Amino acid sequence: MDKFNKILIPVSTLAMLGCTDAKDDRPNIIYVYPDQFRNQALAFWNEPEYAEHVAWKADPVKTPRLDGFADESVVFSRAMSNCPLSSPYRGIFLTGMYPERNGITLNCMAERPESSLREDAVCISDVLSEQGYSCGYIGKLHADHPTPNDPANPGHYVSDRRPEWDAYTPAERRHGFSYWYSYGTFDEHKNPHYWDTDGVRHDPKEWSVGHETDKAIEFLRNENGQRKKDAPFFLTIAYNPPHSPYESLDDCMAEDYSLYEDMGYSELYVRENADTTLRKAPAARYYFANVTGVDREFGRLLDALEELGLDDNTIVVFTSDHGETMCSQGTEDPKNSIYTESFNVPFIIRYPEKIRPRVDSTLFSSVDIMPTLLSMAGLKDEIPSTVEGRDLSPVILENGEDCNIPESALYIRNLNGPKDEDGMVRGFFPVARGIKTDRYTFEVSVKRDRTLDNVLIFDDRKDPYQLSPVSYTENPELFESLLAQLEAKLEEANDIWYREEIIKNLKF
Ligand code: CA
């Protein structure tokens, strides 16, 4: 099987040679990424064989299917979402480029016209479709600037909300995804909507995760020719839950909520950094209910894959765009911060018989996902030169190939730039940059006038809950070392902080 994969000729070439009946054994890829699913919300981290790899407790959640999936997978303990916010993550995942290069520096919405996936960016789906894969996208995209392009009402936005956040993505902006069942962003979990491949809108009035899993299973079964019969496929499923709101049974399934409804705060909040006096404290029950619901639906997807005999030759990834602080660090804001609950995401990858199940502590960045998956699909030579991340497939496959192991993961936080007279946000303000290293979390932030705002250092080994920042003035050697590592990373990314010498001009 291995030997066969290595000598495989692209299908397009085979077609040209008239060998169209050759079997295409390249692996399928299923990429599942619910929104706001923190790495700590996985029950297996509390089991001894996993707990020894992390210094913290996991949430008291029930995730039986993900626990079983992890046992068959490489589980990254330190997958980091470089810019832990919805749209920027999606841009990074799709292109292997940091936000400044892929175009998505801020969340996409109508007042931020410059934050949108560059139409000329080469996405993972562009490469895979070019190589003969059938590519499908199901669920939340949130990578396009909303424009007045409602297919049912030309010249109008897709809703009357102002500013508009949701978006319709027309065929010419789908980057090689030939099967489409998606939307921009919309947070009514039991009243979702989607535009299909032909631009027809669907309003199924079902919990979105269950509905999207049904659509994914239909794609796997290929009931209506959703994919080419004899070609490998790349299916992306972007569930919105466990994204907020977390307030009522409109936001999750009652059967999942019932598991948590009688739990008090002392049972729900087992991590040492939780502050249950925060306004959002009651949210945990709904958040965990959504986590369990996602787990069940993900399991249903795995069952369908097995029933169809597709599981052996399919790479399955379970991850998320960013985490959820959930009452840690005294913040009501779930994401877009360097705190581990926001920055660290699940990344679990299964490839039967090709990987050795285990926990791996490599600092795996969102920017590394595209080159790594392309390489695992035998397409190392097709990784576009625009990709800024690293091919970490040798870490996953343990195949002895050379691999440039990252010593840190870059953290990026931007805010709105100034607004013009029409109320449009122009550009972005690069408020903070940081890194996660083997031992530390380090962030420097600036004020609008680009003077120093704050330096944050956490010793994640001694202080896994990030309760006691290390003083940078009292630890000058550590500070200088972390600053040098951050500067090197910013230079590698040719980040605006490097180009405009923001650090060099700071007075510490
Ligand atoms: Ca998000």
Side-chain angles (χ1 to χ4, degrees), residues 31-42 79-95 98-99 102-110 112 115-117 137-146 161 163-167 169 182-189 192-194 208-209 212 236-247 251-252 280 283 286-288 290-291 293-294 297-298 317-326 328-329 331-347 365-367 369 411-416 428:
Y31 191 88
V32 182
Y33 71 114
D35 193 307
Q36 216 154 303
F37 197 120
R38 68 185 191 173
N39 192 29
Q40 296 80 11
L42 289 162
M80 311 311 288
S81 177
N82 300 113
C83 187
L85 190 63
S86 182
S87 305
Y89 169 84
R90 289 150 204 272
I92 298 171
F93 151 57
L94 288 167
T95 66
Y98 288 109
N102 70 48
I104 311 180
T105 51
L106 298 161
N107 264 344
C108 299
M109 53 92 92
R112 299 175 183 138
S115 191
S116 192
L117 180 60
Y137 197 100
I138 295 174
K140 176 175 176 175
L141 181 69
H142 204 197
D144 271 339
H145 171 234
R161 296 178 190 214
E164 182 62 273
W165 280 74
D166 199 3
T169 296
S182 177
Y183 62 101
T185 181
F186 186 71
D187 292 331
E188 293 179 24
H189 299 323
H193 58 250
Y194 309 88
S208 60
V209 181
E212 289 162 30
T236 299
I237 306 163
Y239 298 135
N240 195 12
H243 190 284
S244 45
Y246 318 121
E247 286 160 9
D251 307 321
C252 60
K280 76 187 283 184
Y286 297 98
Y287 182 65
F288 296 162
N290 269 306
V291 162
V294 166
E297 293 301 322
F298 178 67
V317 174
F318 183 91
T319 183
S320 184
D321 58 348
H322 52 76
E324 160 61 76
T325 53
M326 196 46 74
S328 58
Q329 305 296 344
T331 179
E332 300 274 357
D333 192 342
K335 55 208 165 191
N336 208 18
S337 59
I338 200 168
Y339 302 126
T340 187
E341 290 84 356
S342 153
F343 190 18
N344 179 209
V345 289
F347 198 95
S365 287
S366 332
V367 83
I369 296 167
Y411 167 76
I412 294 169
R413 181 164 80 246
N414 297 323
L415 297 177
N416 284 350
F428 64 95

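Source: prediction; values computed, not measured. Counting starts at 1 for both ligands and their atoms, following the listed order.
- The salt bridge (Lys or Arg N to Asp or Glu O under 4.0 Å) search around Lys335 returns none, not counting sequence neighbours.
- When only modelled atom types and interatomic distance are considered, Glu212 and Tyr194 share a side-chain donor-acceptor pair under 3.5 Å.
- Looking at heavy atoms from C-beta onward, Leu141 lies out of side-chain contact with Arg90 at the 4.5 angstrom threshold.
- Looking at Thr169 and Asp144, their side chains do bring a donor and an acceptor atom within 3.5 Å of each other.
- Aromatic ring centres of Phe318 and Phe37 lie closer together than 6.0 Å.
- Any protein N/O/S atom under 3.0 Å from the Ca ion (ligand 1) was counted, giving 4 altogether.
- Here the closest heavy-atom approach between residue Met326 and residue Lys280 is recorded as N-NZ, 4.0 Å.
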